[in-house]
Each structure stands twice: as structure tokens, then as C-alpha cells.
Participant: 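First the structure, then my questions, so here it is.
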There are 2 protein chains.
Amino acid sequence: MAAPLPNTQQAMRRRNLSLVLHAVAAHGPLSRASVAARVGLTRAAVSTLVDELIRDGLLVELGPSRPGTVGRPGSALQLNERGPAGIGAEIGVDHLAVCAVDLGGRVRARTEVASANRDRTVGPALARLAELVRQVAAEAVREGLRPAGLAVAVPGLVARDSSLVVRAPNLGWEGVDVGPALRAALPGLPLTVDNEANLGALAELWRGGHDPAPRDFVHVSAEIGIGAAVVLDGRLLRGTHGFAGELGHVPVRPEGPACACGGRGCLEQYAGEEAVLRASGLSPEQAAAQHPGPGGRIALLAERAADGDRRVRRALDGAGEALGIALAGAVNLLDPRTVVLGGALTPLAPWLLPALERELALRVADPARSGQGAVTVSRLGSDGPLLGAAHSVVQAVLDDPAGLREAAAVTGSGA
Amino acid sequence: MAAPLPNTQQAMRRRNLSLVLHAVAAHGPLSRASVAARVGLTRAAVSTLVDELIRDGLLVELGPSRPGTVGRPGSALQLNERGPAGIGAEIGVDHLAVCAVDLGGRVRARTEVASANRDRTVGPALARLAELVRQVAAEAVREGLRPAGLAVAVPGLVARDSSLVVRAPNLGWEGVDVGPALRAALPGLPLTVDNEANLGALAELWRGGHDPAPRDFVHVSAEIGIGAAVVLDGRLLRGTHGFAGELGHVPVRPEGPACACGGRGCLEQYAGEEAVLRASGLSPEQAAAQHPGPGGRIALLAERAADGDRRVRRALDGAGEALGIALAGAVNLLDPRTVVLGGALTPLAPWLLPALERELALRVADPARSGQGAVTVSRLGSDGPLLGAAHSVVQAVLDDPAGLREAAAVTGSGA
DNA sequence: CTAATTTGTAAAGCGCCCTGACGAAATAGG
DNA sequence: CCTATTTCGTCAGGGCGCTTTACAAATTAG
């Protein structure tokens, strides 16, 4: 049990800096006075906090805002669009992607390349990724941004508070620590590594476009396996070892087909990409031939389903049913506000949802949740994890703006 | 989104008071200097905090501690055993219980009476409960304690941050707000109402006797239905509506027998008390005849199982298997450190565990959790919810000692 | 044009913690 | 036995951060 932060005046100041920054981030351009009203401090206190944030390049003053109401108009404050940037990266089965996001959440640079990472040696893949990160970071610098950190999304289990990829079946990685190679290739750039579904959930939380943003939800994501992330009270649930969210191995039919995990009848056996393809009578090779490139198999399924292919429709209906059963358990256990379908599931949602919602409605005991609006589909689609990664860096800056200055002092200010 | 507390110096002071109090509570008698080292403040700061806590009657000074080491011996601080007390109450199917707990966590007064609350009108039951609370509170006062609040454990769904019992099937209650009657009968005593499994989990968290106390676990409890509570990062997960933990309606076999909740094959259909009795070839009447009083049905099952009754053994094995399947889903989803069996399940644990652990080992994907120590049995047994209720009041005092003084100022100091 | 309202800043004050120093109370060693 | 050392608790001084109070600036209402 680490000391729960030494409640000192400095810590208070840091929290208040973050509070002001978050207020501006969440509620558009704001005057000092309205920030003060929002966070519960006085105008004088907010003034000094804002001064500090402006000096550190996190806020900018837009000049006097247009009048409209009685009284002296305030001077609008906005997040600096030429300040720190979060770099997000994604290692997919068949692609690599990197993007840079500014404090305001806008994507300011982006690259994506096809790259068959499955069963490939790790070294070259990471070298390639570092190369892309350098490109994107350079472009961000040209736009006046300072890269403040890198977060990498991986489709697999990542040990908590580490860069160790314990298992990523889709990549064929097992016990790979991606930290050393990336840190060596990208000196001075703080690194975090996280599960793809987790970062997708964070993207949903911050930029899902829901209003108000749901602070308690289960985010289901899928590439080949099925991952989920649980957000409760606005915080991501990571679990003791960082492995929370393994929805793919929740038992759906305990006597069902054997699963690679050692169990029987796991969700993955009914709603995993491979299982759905098999039930549809399609082979992976066929899919690769007809829809090459990232997301080809999913695209094929969506196309066939849209064309009215009965076998595919039936397969997706079965997958939706299985998802509904597994999620019914999760909903009964966690009482979230909604279930969000994201990642690769987005394009298939129209054919998954009916059965999914039917099962959920049938099996959820909670009387208050009767039906309405229980399941939503992400608007971010397959971009979720990448955006979430970049945003997680931005969020870290918003959560502790003073930490950034300290880091800069250590590394010699970067630029 | 409520203002996230106005980070002022007063708030800091309050948090530091709580920090000091918690340090003393967790680590026995402590000198000012060791408290300071623990919480990360200076000795001088801790001195003033301690002074204030002593003035408020929360801490007492035991006088100079015995030497033993070099240097001036410190003056040991201890929680005041004649300070605030938490009153806990439990409304069971066939009993009412009330207890008082001091700051140190010791039970200082207790009553329990048989009372058939099932399908009885609510008014008389609550009147009786209030009467018992008055008795216990009076006894606590005789011991020098000041009752600081009352928490009531109910076997059913309680709406979040309210005293509304939405549904308690075992009691036959539906949409009953127990707040008005109890508040009217017990003026001046702050009231909270919570689910029995939730409070049992809190008891496990605070007084489970585990070392170190697990901060992430699933606590399974059962009276007639099957409840569970999820503790993550030392905090109880309540869910959007306060209904988290409905393990009883997690699907185990989706095509299984119909359940009262509208679903099919819910855990309750395999591991609920009624289902187990039926599978054992025993009728509730028979059980009531042979083992009257609280917990009679469970006691009968335990007795028969101990005697080697094959049918009962098989029934419990099946229940354990179903529990294992449902919990495998929960463990995959949440990655807790352990699963704790509590409440009425405790006496049956020996016959439930083998199948439960087998299923769990089989179906949990997490490679780090391989087998060892995944399931533990509560040492608190059926006392958990009652103790947890009283402790939740004590915990509230430890979390904000200054709040207590304010409350006293409003109500005119009570005594 | 004046009164009212609101914004942002400055000065004074207060609360809270830290620093540094000191007496008190014990041990260690001669 | 006496002194040096160590640790504890407290006190005075100081720094820091927020609040209070006051005031000039900028706008609307009448």
C-alpha cells in the first residue's frame, strides 16, 4: 500500500492546476470568472493558476470575448493548440498506425501502413513502429506541438503498469516486453503500453460524442479475439494483474466446444471472428483473397450480410445471441449504464444487435434498466484504440500539468 | 457531474485528519513520529492534527510507551474506545439483529431476535427493528460510546444513495422505502441502507483477517437468492443504479430452466437454496421441521452432507459447478485477486469448493492466476453483513472526522 | 450620461504545512 | 556515574496558497 500522496500544499496546487485545465477542456472557451465558478475557487486564485498554465504553454488567451451580456466581458481561455501532443500507436494484426493529438483532442498528424505482424519476429515490427512514431512526431513538431508521450495499443494482455505483453494470440506474441526496444529507439519519449480494448474504451469515454458521456459502461471490442473493457465511475477497470475484460472467455454454454484457453463453450467459440467465418462457410483464405488488407475478413462478412446471404446472417445472429448471453452476465454483475459495441464489431452491428438485445432484455434482472438504450454502437469505429492511445497521453497531461514541466526539466526540455 | 470538491486548504486539513486517523486505525498504537513517517507529513504537522483529533474524542493518548529502543520513547496514540460508535442492523428472512462497534472495530453491544419477516407487513418489522436499535444504542451509551450513525443491511436491491428497497424477494418487499419510518423512530441518527452482500464484502475488506487484506475480490453471499459484491481497488462497486452484484441471474446454461427473473438457466436455478433443496430431495417444510430458526435449511444441508448423504452431496457438487461457471465469467471479466465465499455459503463450502475450483481452474484464461489460492472462505460467516453495516458507519467517521463534529453541531451534540 | 453589473488584478490576511532549533527522555559507552 | 547520541514532541519563523476586500475597467440598462 503506497503512501496515498502526502496531502501537502504543493499537491493541492497541482490538483487545482489540473482542475482548471479540465474545466477549460470540458466546457469550451471559458473566462477566468466562469472557471472559478465551476471549480469552486475564487477568481483571484484562478487567476494565478491560469497565469501559470499560460506560462507553461497549456492555455492561451483568446482576447476579450464578444459582449452579449451585461458586465465587463471576460477574456476567453482555450487549450493551447501549439502545446503538448499525445502520440498514439496501434499494433494490429495486419497494420501499424500512429497519430498525434493536441490538447484539444484534434488529430494533427497520422500515418498508417499495412504490415503483417502476425507470427513475425518482434524486433522488425517494433523498429518499423518506432520509425512511424518519429515521422508523426516530426510532423507534430512542424505544427508547433511538443510530443509529450507515447501510448501503444496492443491486441492482447498487457501486465499492469508495465510494457510487458503477456499474451497476444493474434500476433503470436507471448511474454514480449516491448518497452526496451521502443525506449531505445525513441529516447526521451515517455512510454505506456495498454490493451487495445482498454484504450478503445477510453476513447469512447472522452470522445464518444455521447452527451453526457456515460461514466459506467462495458465496451466490447473485437479483432480476432473478443476483448472488453469496463469503465466504472469514469475510470478504467484494470484488474489485479491488468487482465480485466477477458470477455472472450466468459462461458456461454459450459458444455460447448473446447477452446484454446482450456475451457469449453467460451464466447470466443461463438462470436470470435474465426467461429463466425466457419459458421458462415467461409475460409480465411477466401476472405483474404476477396478483401485484402486490414479488416478484410470483417468487411467480407458485412458485405455478404448486406447482400442477404442467409448463412452469414444466421452466423451473425448466433454470434449476437452469444454476445447477449455473455453480456447479460456482465450487466447483472456490474450494473453499467450502457454497453458499447466498438472496434471491429461496429460494421457488423446491424446484424448482431437484434439477437444481442433480445438476450440482454430477457436475462437482465434489473428492473430499472427495462430495455431502452441499453446497447449503443461506437461512432469511432476501428479508430477507437488509436485515438484512445493518443488521448491517454493528453489525459495524463491534463491530470497533472505540473508533472509535464518536471519531466521537461529532467530531459532538458526536449526540443 | 458535481463539483469535485473545491480543493481548498480546509479540505486538505480534513483529508489529513482522516489520513492520521486511518494510520492509527490500521497500524495499532502509534507515536506521533511514526504516524508522521507513515503519512508523509512532518512531526509538527501531525502534532496539531493529533491535538485536534484528541479534542474531538477520536484519539486518546496512552502515555509514554515502554522504551526498548534508543531515543526518547514516543507517546502512544490509540483510537478512543469511548468515542463514536457505529450501529449496524440486519433484516434477515427470519431474524433481526443489531450491533454496536467502536472505533477500534470491537463489537461492544449486540442483540438478535427471531422474527419471521417474510411476507409480513413492513411497518411492524421496522418498528421492532427501531426498538432493538434503541436498546443497543442505549447499551453503547452506557459503555461510554456516542452512536454516530446507523446502517441497515437488507437482503435485496437497494437504490443507490437512498433508503429505497427496490426488491427483496426473500422478504416479499417491493419498492419499500425504509427511510421515513426508521428516521422518524430514531431521530438524530444518520441512516444508510445497503444490500446485505455489499456490507458483507465491506466486512471482509476491513475485518476479514486476511493479511494483507485483498483490495480486489468478488464476495459471494447467499441467503435464498445469490448475491455478490465486487470490491475493486478497496472500493465497493455499486453500479449505476446500485444494483451491481446480481450474480444469481448470471446465465449458466442459457437453455436451462426458466427463472423468476424472466431468463433461463440463471445461476440461482442451480445454486440457489431452493434449487439445492429440491435436487437433494428435501422440502422446505421438512427443513423447517428438523432445523427451525435462522439458517435452518442451510444447517440441514450441511448436516446431511457431513453424514455422507449421496443425494445432498451430488446436489452441492452441482451447485458448486454452477457457481464455478458463473464465477469464471466474473473472474475473466474483472481479474480480481480472490473470490471469497461468505454468508450462508460458509458452512457448505467444503462440499461446494471442489467442483467450484475445478470449473474456475478450467475456464479462467489468465495465465498468472494458475490455480493457487483463488478461492477463500470467509471467516466471518453469517455475521459479515451485520458487522459490515456497523463498520461502514465507523469507516465514514474515519474517512471524514471533521464531518462528525459538524453533524454534532447541527443536532446539538446528541448526548 | 449615469447606475448597475461583471471581470480581472492587487494588497492584506489567514490557515496550513515546512524548516530549523530546542528541551526532554531514553540508550550506549566509558 | 556521567556524557554523547538518538529520538520524540513542541515552538517560533517562514513560505505558500487561497480568501477577503477593494478597485479600476468594460459593458449593458435606462
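Throughout, a chain's letter reflects where its sequence line sits, starting with A, and its residues are numbered from 1. None of these values were measured; they are calculated from a predicted model.
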Participant: Between A:S47 and C:dG8, does any side-chain N or O lie under 4.0 Å from OP1 or OP2?
Facilitator: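 For A:S47, the contact criterion (side-chain N or O under 4.0 Å from OP1 or OP2 of C:dG8) is not met.
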
Participant: Under the side-chain hydrogen bond (donor to acceptor under 3.5 Å, both in side chains) test, which residues partner A:T48, sequence neighbours left out?
Facilitator: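 Scan of A:T48 (side-chain hydrogen bond (donor to acceptor under 3.5 Å, both in side chains), adjacent residues dropped) gives A:R13.
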
Participant: Here's a test of your reading of the structure: between B:G71 and B:A76, which maps to the more 5' nucleotide of DNA chain D?
Facilitator: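 It is B:G71, whose closest nucleotide lies nearer the 5' terminus.
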
Participant: What's the CD-C1' distance between A:E52 and D:dC16, to the nearest Å?
Facilitator: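 Value for this atom pair: 12 Å.
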
Participant: For residues 26-36 of chain B, which residue pairs pass the salt bridge (Lys or Arg N to Asp or Glu O under 4.0 Å) check, not counting sequence neighbours?
Facilitator: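 Found B:R32-B:E61.
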
Participant: Please name all residues satisfying side chain to side chain contact (heavy atoms under 4.5 Å, CB included) with A:L205, sequence neighbours left out, ordered by chain then number.
Facilitator: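 Partners of A:L205 by the side chain to side chain contact (heavy atoms under 4.5 Å, CB included) criterion, ordered by chain and then number, come out as A:L202, A:F217, A:V231.
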
Participant: In terms of side-chain heavy atoms, does B:R15 have a donor or acceptor partner in B:N7 at a distance below 3.5 Å?
Facilitator: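 Present: a donor and an acceptor within the cut-off.
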
Participant: Which residues pass the side-chain hydrogen bond (donor to acceptor under 3.5 Å, both in side chains) test with A:D194, not counting sequence neighbours?
Facilitator: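 Checked A:D194 against side-chain hydrogen bond (donor to acceptor under 3.5 Å, both in side chains); matches are A:N198, A:R238.
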
Participant: Please identify each residue that fulfils side-chain hydrogen bond (donor to acceptor under 3.5 Å, both in side chains) with B:H22, with sequence neighbours left out.
Facilitator: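 Partners of B:H22 under the side-chain hydrogen bond (donor to acceptor under 3.5 Å, both in side chains) test: B:S18, B:D399.
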
Participant: How long is the line joining CZ of A:R14 and P of D:dG17, in whole Å?
Facilitator: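 From A:R14 CZ to D:dG17 P: 12 Å.
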
Participant: Figure out the CG/P separation between A:L62 and C:dG8, and round it to whole Å.
Facilitator: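 That distance rounds to 12 Å.
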
Participant: Starting from C1' on D:dC8, measure out to CG on B:D51 and report it in whole angstrom.
Facilitator: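 One finds 14 Å between C1' of D:dC8 and CG of B:D51, rounded.
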
Participant: Can you list the residues that meet the side-chain hydrogen bond (donor to acceptor under 3.5 Å, both in side chains) rule with B:E81, with sequence neighbours excluded?
Facilitator: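 If we apply the side-chain hydrogen bond (donor to acceptor under 3.5 Å, both in side chains) test to B:E81, skipping adjacent residues, the hits are B:R106.
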
Participant: Return a single string for nucleotides 15-23 of chain C, one symbol per nucleotide in 5' to 3' order, where B is base contact, S is sugar-phosphate-only contact and - is none, cutoff 4.0 angstrom on heavy atoms.
Facilitator: BBSSB-B-B

Participant: Have a look at the helix from C:dC1-D:dG30 to C:dG30-D:dC1 and give the angle its two end axes make, five pairs each, rounded to 10 degrees.
Facilitator: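 It comes to 0° between the two terminal axes.
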
Participant: Could I get the full list of side chain to side chain contact (heavy atoms under 4.5 Å, CB included) partners for B:V107, not counting sequence neighbours?
Facilitator: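 In terms of side chain to side chain contact (heavy atoms under 4.5 Å, CB included), with neighbours along the sequence ignored, B:V107 is linked to B:C99, B:V101, B:R110, B:L387.
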
